[in-house]
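The shown structure was predicted, so the numbers you read here are calculated from the model rather than taken from an experiment. Computation of the quantities below employed the complete heavy-atom set of this structure, encompassing side-chain atoms and omitting hydrogens, waters and symmetry-equivalent molecules.
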Amino acid sequence: MSPPESAGSGGDAPDELYEQLTDDLLYDPAIGRGTIMGHPCIRLAGRFVTSLERNGTGLILKLPSDRVTDLITTGVGEPFAPTGNPMREWVVIPAADRELWQSLLAEAVAFAREGLSARPG
């Protein structure tokens, strides 16, 4: 089994790939760096979008629950369960894959935007 940093990413280490791809999101003034549970993350107008696992390998994303189920069922993702109970709108993508991560980051940003438009007032 090859190490995570070589899995489909063209040799990018997961933490370097995460930094590159999230830096690309910062052109949008609504997107910025923040923290969640004391850990660095990316937020859109305060809403969580993504983070890297504490061990620096997997990409954590907030997506619609049906999309999370699909990613887990197909073996692309794993449940995100920091307290032992899976969070239904959160998924971990363990393999560092530039195209996959970039695509899923776009989905996560779109999902966060949908949440903004659903806010009352």
CA sep, side-chain torsions, deciding dist, call: Asp24, Leu105, side-chain contact (heavy atoms from CB on, under 4.5 Å): CA-CA 10 Å; Asp24 289 347; Leu105 282 167; over 6 Å; no
Side-chain (Ser51) to main-chain (Pro40) donor-acceptor, under 3.5 angstrom: yes
Least distance between heavy atoms, Ala112 atom then Leu44 atom: CB-CB, 4.1 Å
Distance (rounded to the nearest 0.5 Å) between Gln102 CD and Thr22 OG1: 11.5 Å
Pair Glu19-Leu52, side-chain contact (heavy atoms from CB on, under 4.5 Å): steps then yes or no: CA-CA 9 Å; Glu19 288 300 321; Leu52 195 63; over 6 Å; no
Closest non-hydrogen atom pair between Leu26 and Gly32, with its separation: CD2-CA, 3.9 Å
Cluster companions of Phe80 among Ile, Leu, Val, Met, Phe, Trp, Tyr (side-chain spacing under 4.5 Å): Ile36, Met37, Phe48, Ile60, Met87, Trp90, Val92
Any pair counted as side-chain hydrogen bond (donor to acceptor under 3.5 Å, both in side chains), so long as it reaches residues 69-78, sequence neighbours left out: Arg67-Asp70
Side-chain touch Asp23/Arg33, heavy atoms, less than 4.5 angstrom: yes
Atom of Leu61, atom of Ala108 and distance for their closest heavy-atom approach: CD2-CB, 3.9 Å
Cluster check Val76, Ile72: I/L/V/M/F/W/Y, side chain < 4.5 angstrom: yes
Hydrophobic cluster identity match, Leu116 and Phe111, side-chain contacts under 4.5 Å: no
ring-ring contact (aromatic ring centres under 6.0 Å, His included) pairs, two or more places apart, involving residues 50-73: none
Chi angles and distances behind the side-chain contact (heavy atoms from CB on, under 4.5 Å) call for Val68, Arg88: CA-CA 7 Å; Val68 168; Arg88 66 182 185 89; over 6 Å; no
Closest heavy-atom pair and its distance - Ile31, Arg113: CD1-NH2, 4.4 Å
Side chain to side chain, Tyr18 and Thr50, heavy atoms closer than 4.5 Å: yes
From Leu21 atom CG to Trp101 atom CH2, the distance as rounded to the nearest 0.5 Å: 8.0 Å
Within one Ile-Leu-Val-Met-Phe-Trp-Tyr cluster: Leu100 and Leu63, side-chain cutoff 4.5 Å: yes
Spacing of CG belonging to Asp66 relative to CG belonging to Leu71, to within rounding of 0.5 Å: 10.0 Å
Heavy-atom pair with the smallest gap, counting every atom of Glu99 and Asp97: N-OD1, 3.2 Å
Taking every non-hydrogen atom, the tightest pair across Arg98 and Gln20: NH2-OE1, 2.5 Å
